[in-house]
Amino acid sequence: MRSYDLIVIGAGAGGLTVAKGAAAFGATVALVEKKSHIGGDCLHYGCIPSKTLVELAKKVHDIHANAKGFGLEAEGQLNLSIIMEHVQDVITHFHTIEEDSNLIDLGIDLYKGHASFVTEHQIEIDRKQRINGKRFVIATGSSPIIPDIKGIENTPHYTNETIYQLDKVPNRLVVIGGGPTNLELGQCFARFGSDVTILDEAKTFLAQQDEEIALALRDRLTEEMSIHTNSLVVEIEELDVEKKVKFLKDGNLETIVADEVLVGVGRQANTSNIGLNEIGVQLDNVHNVLVNPYLQTSKPHIYAIGDVHGKFCFSHAAGVEGKVVVQNAVLGLKKKIRYDNIPYTFYTDPEIFHIGMTEKEAIKKYGKHNVGVLNVQAAEIDRFITSGDEKGFVKVIISKRGKILGAQAIGKHADDWMQALVFAKTKKYRVGALSTVVYPYPSNTGILQAVGDTYWRQKFHTKWSKWMKRYTQIFR
Ligand SMILES: Cc1cc2nc3c(=O)[nH]c(=O)nc-3n(C[C@H](O)[C@H](O)[C@H](O)COP(=O)(O)OP(=O)(O)OC[C@H]3O[C@@H](n4cnc5c(N)ncnc54)[C@H](O)[C@@H]3O)c2cc1C
Ligand SMILES: NC(=O)c1ccc[n+]([C@@H]2O[C@H](COP(=O)([O-])OP(=O)(O)OC[C@H]3O[C@@H](n4cnc5c(N)ncnc54)[C@H](O)[C@@H]3O)[C@@H](O)[C@H]2O)c1
C-alpha cells in the first residue's frame, strides 16, 4: 500500500494550492478528486462561469443602454445558447491550463474517486483502493443548499450548478435567496431580458455588508430587477410549464408566477460520507469542519481549508489557507490564518468591494471616539466623470492614528481600483500613505489618493491647524 507525507482530498481552489506547494517542497503528495475533472466549484460552477456570464451580460446591457443615445437601433432576439457556449469555452480554456498531466509532472499522484477516511491515517478511494498518509488536508468544498420548501422536490428549478444548461432566456425568473450568487446571476438574466424577482427571507439586504454600501447597491439593482426582503418562500408548485411561488412577505401570503426558478440560499459543507464522524473529526452545528487558527481539525494531523470549514468562502481565501497549511503541515511551522487582510468583491454592476472591518464592527470593537471614516465620492474623481461612472463611493475605516481597519467601496471596477489599499493595509501603511504615491491621471485609483488627501486635510484643519498656521507665518 502506498504511503504519502500528505494526502489532499479535493482538487479545487484550496486542494490544488496545497498539493502543488507541498510537492514543490519535496513532500510526497497524493491528491484525490471525486469528479472526472479537477478545478472544483470555482472553475466549473462558481467564479469562472459566473464572471464570464457577468461580462457577457454587461456587453448586452451596454448595447441596449447606449445604442439609442448614439442614434443606433439594437434589435433582435438574444441567443442564450451562444452565451452558454462561450461560458463552456472559457471553462475549457482553463482546463487546458490546469490539466491532470501538469500535476503529474509536478510529482503529485492524482487519484480519481470518492475519498473517505477508514482510519486516522488511511483513506479509501471509491471503496476499492486504500492509501496511507502521515498528514491530510480536507478540501472538499461545499454544495448549494436546497431549502426545505413545500413542493420543491417536484418542481424543476436551477442552482448555480445547473443554470448554465438553460438555452432560452426565461420571460420571468424568480430567484430564491439574495446573496452574492443570486445577485450576480439574477442581474445577468435581467440583462438578457428576463423579468427577475429576488426573494430573500432576511429582513436586511446583504446584512453582512456596510449599511450604506448595501443600500446603494440595492438602489442600483432595483433599477433592473425587483428585490423583496423579509420574504419567506413557503411553497413552489408546477402548473403546466409555469411555476407558482408562494411567499410570506411581512407576514402576508403572496404568489408570483415564474417560467423558471433559481435557488441559491447558501452553501452546505461537503462533510458527509467521508468518514469524519468515524475517525472523530469534529464538526459544528451546521456540519462545517471545526478548525483552529493553524487550520488543524480536532485531529491535529488533519487540516481543513476552503468552503468545507465555511469561515471565508472565496477561492483566493482557500488559496491563502492552502499556503498556510503547506507551511504548517510540510515545513512544521506554526502559521496562523488571518482574514482581516483578505478582500473580496461581489461582481454585480456596480461591484462592491470589502476588506477588514465595517464602520459598525470597528465602532463595536474600539468605541465611537476611536474610529474615523473617510468618505470619497466617485463623482469627485475626474476619471469616473469622464467614463460616466460617478455613482459610487469609498469608505475607509481608520483608527485615531490613521491605521486602516477596513474599507468598503461601490462602483464600476471597484475590484481593480481598490487594490492599492489592499497593499497599504496588508503592509501596515497608515492611510496617509495613500496620498504619498503617484497615480496616473486620470485613473479611477485616484480615488485612493483623494482618501489620503482627505485624511491629511482633516488633520491640518482640525488637530494641527494652529501649529501649521504658526509655522507658515514664521517661515514667511
Ligand atoms: C456562484 C458562485 C460564484 C462564486 N464566485 C466567486 C468569485 O468570484 N470569487 C471568489 O473568490 N469566490 C467565488 N465563489 C466561491 C468559490 O467558488 C469557493 O469559495 C471556492 O471554490 C472554494 O474552494 P474549495 O477548494 O474549498 O472547494 P472547491 O473548489 O469546490 O473544491 C472542492 C473539490 O473537492 C472535491 N470533492 C468533494 N468531496 C470529495 C471526496 N469525498 N473525495 C474526493 N474529492 C472530493 C470536489 O469534487 C471539488 O472538486 C463563488 C461561489 C459560487 C457558488
Ligand atoms: N463574487 C464572489 O466572490 C462570490 C459570488 C458568489 C458567491 N460567493 C461565495 O459563496 C458564498 C455563498 O453565497 P450565496 O449567495 O450562495 O449564499 P449566502 O449564504 O451568501 O446568501 C444566501 C441568501 O439566501 C437567503 N436565504 C436563506 N434561506 C432562504 C430561504 N429559504 N428563502 C429565501 N431566502 C433564503 C439568506 O437570507 C441569504 O441572503 C458567499 O458567502 C461567498 O463567500 C462569492
Side-chain angles (χ1 to χ4, degrees), residues 8-18 31-51 53-54 111-117 123-126 137-149 152 159-161 163 175-186 198-208 228-234 245 247-248 263-276 304-319 321-322 342-348 351-354 415:
V8 183
I9 307 176
L16 284 166
T17 309
V18 179
L31 175 62
V32 192
E33 170 55 54
K34 72 173 179 184
K35 298 226 166 102
S36 57
H37 46 245
I38 58 171
D41 256 30
C42 179
L43 174 55
H44 297 281
Y45 318 111
C47 332
I48 297 296
S50 66
K51 263 77 270 181
L53 205 68
V54 162
Y111 292 84
K112 290 284 175 70
H114 179 100
S116 59
F117 282 93
I123 59 160
E124 193 172 51
I125 302 160
D126 273 351
V137 182
I138 306 167
T140 50
S142 66
S143 304
I145 293 175
I146 301 303
D148 189 17
I149 296 171
I152 197 164
T159 66
N160 70 291
E161 295 186 355
I163 192 79
V175 176
I176 305 177
T181 295
N182 280 354
L183 294 178
E184 290 177 356
L185 292 173
I198 293 194
L199 303 172
D200 195 296
E201 68 173 3
K203 278 206 176 78
T204 312
F205 177 73
L206 289 181
Q208 309 297 320
H228 297 269
T229 44
N230 211 5
S231 297
L232 178 68
V233 178
V234 289
V245 180
F247 62 101
L248 280 170
V263 177
V265 297
R267 312 288 303 172
Q268 176 69 62
N270 293 330
T271 48
S272 60
N273 303 324
I274 51 174
L276 297 182
I305 58 170
D307 284 16
V308 77
H309 63 59
K311 285 189 189 296
F312 214 82
C313 297
F314 297 91
S315 287
H316 49 284
E321 290 175 343
I342 304 182
Y344 61 82
T345 302
F346 293 160
Y347 293 90
T348 45
E351 293 170 5
I352 63 170
F353 167 95
H354 183 119
D415 188 32

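Remember, it's a predicted structure, so these values are computed and weren't measured experimentally. Hydrogens, waters and symmetry mates play no part in the numbers below; they use all other heavy atoms, side chains included. Counting starts at 1 for both ligands and their atoms, in listed order. Note that the numbering runs from 1 along the sequence shown for the chain.
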Would you call [X] and [Y] a side-chain contact if the rule is heavy atoms closer than 4.5 Å?
| X | Y | answer |
| --- | --- | --- |
| Tyr347 | Ser50 | no |
| Ile274 | Ile9 | no |
| Leu276 | Ile138 | yes |
| Leu206 | Leu183 | yes |
| Val175 | Leu185 | no |
| Phe312 | Ile342 | yes |

Please state which protein non-hydrogen atom is closest to [atom] and give its distance, to 0.1 Å?
| atom | value |
| --- | --- |
| atom 23 (O) of ligand 1 | Ala13 CB, 3.8 Å |
| atom 8 (O) of ligand 1 | Lys51 NZ, 2.8 Å |
| atom 33 (C) of ligand 2 | Glu201 N, 3.4 Å |
| atom 18 (P) of ligand 2 | Gly266 CA, 4.1 Å |
| atom 37 (C) of ligand 1 | Thr140 O, 3.3 Å |
| atom 37 (O) of ligand 2 | Asp200 OD1, 2.7 Å |
| atom 19 (O) of ligand 1 | Asp307 OD1, 2.7 Å |
| atom 21 (O) of ligand 2 | Gly179 CA, 3.4 Å |
| atom 20 (O) of ligand 2 | Pro180 CD, 3.4 Å |
| atom 10 (O) of ligand 2 | Cys313 O, 4.0 Å |
| atom 12 (C) of ligand 2 | Arg267 CG, 3.6 Å |
| atom 7 (C) of ligand 2 | Thr181 OG1, 3.3 Å |
| atom 6 (C) of ligand 1 | Cys47 SG, 3.3 Å |

Which atom of [X] lies closest to which atom of [Y], heavy atoms considered:
| X | Y | result |
| --- | --- | --- |
| Val265 | Ile145 | CG2-O, 3.5 Å |
| Gly275 | Ser116 | N-CB, 4.2 Å |
| Glu161 | Pro144 | OE2-CD, 3.3 Å |
| Gly178 | Phe205 | O-CE1, 4.5 Å |
| Asn273 | His114 | O-NE2, 2.8 Å |
| Val233 | Phe247 | CA-CB, 3.8 Å |

If you measure every N/O of [X] against every N/O of ligand 1, is any gap under 3.5 Å?
| X | value |
| --- | --- |
| Gly14 | yes |
| Gly46 | no |
| His37 | no |
| Glu33 | yes |
| Asn160 | no |
| Thr181 | no |
| Tyr347 | no |
| Glu184 | no |

If the cut-off is 4.0 Å to any non-hydrogen atom of [X], which atoms of ligand 2 fall inside it?
| X | result |
| --- | --- |
| Ile176 | 32 (N), 33 (C) |
| Glu184 | 1 (N), 2 (C), 5 (C) |
| Leu199 | 33 (C), 34 (N) |
| Thr345 | 1 (N), 2 (C), 3 (O) |
| Lys51 | 1 (N) |
| Ala202 | 37 (O) |

Name the option, out of [options], that contains the heavy atom nearest to [atom].
| atom | options | value |
| --- | --- | --- |
| atom 15 (C) of ligand 1 | Cys313, Ser116, Ser143, Ala317 | Cys313 |
| atom 32 (C) of ligand 1 | Ala304, Gly10, Gly40, Ala139 | Ala139 |
| atom 27 (C) of ligand 2 | Val265, Thr229, Val263 | Val265 |

Looking only at heavy atoms, is any part of [X] under 4.0 Å from ligand 1, and if so is it the side chain, the backbone, or both, or is it neither?
| X | answer |
| --- | --- |
| Ile9 | side chain |
| Asp41 | both |
| Ala115 | both |
| Ile274 | side chain |

Judged by non-hydrogen atoms, does [X] sit under 4.0 Å from ligand 1?
| X | answer |
| --- | --- |
| Pro49 | no |
| His44 | no |
| Tyr344 | no |

Can any side-chain N or O of Asn182 pair as donor or acceptor with the backbone N or O of Gly177 at less than 3.5 Å?
yes
When you check the side-chain N and O atoms of His354 and Gln208, is any donor under 3.5 Å from an acceptor?
no
Does atom 41 (O) of ligand 2 have a protein non-hydrogen atom under 4.0 Å from it?
no
With the threshold set at 4.0 Å, does a side-chain nitrogen-carboxylate oxygen contact exist between Arg267 and Asp41?
yes
Rounding to 0.5 Å, atoms NE2 (His309) and CD (Glu321) come to a distance of 3.5 Å
With respect to Ser142, which candidate in Asn270, Asp307, Thr271 satisfies the side chain to side chain donor-acceptor pair (under 3.5 Å) definition?
Asp307
Min heavy-atom dist Phe314 to ligand 2 below 4.0 Å:
yes
Given Ile163 and Leu53, is the side chain to side chain contact (heavy atoms under 4.5 Å, CB included) satisfied, shown in steps?
CA-CA 11 Å; Ile163 192 79; Leu53 205 68; 5.6 Å; no
Look at the rings of Phe314 and Tyr344 and say which category their plane angle falls in: under 30° parallel, 30 to 60° tilted, over 60° perpendicular.
parallel
Counting only heavy atoms not in Lys51, do more than 12 sit closer than 6.0 Å to its NZ atom?
yes
So among Thr17, Val308, Leu31, Val18, which one has a side chain to side chain contact (heavy atoms under 4.5 Å, CB included) with Val137?
Val18
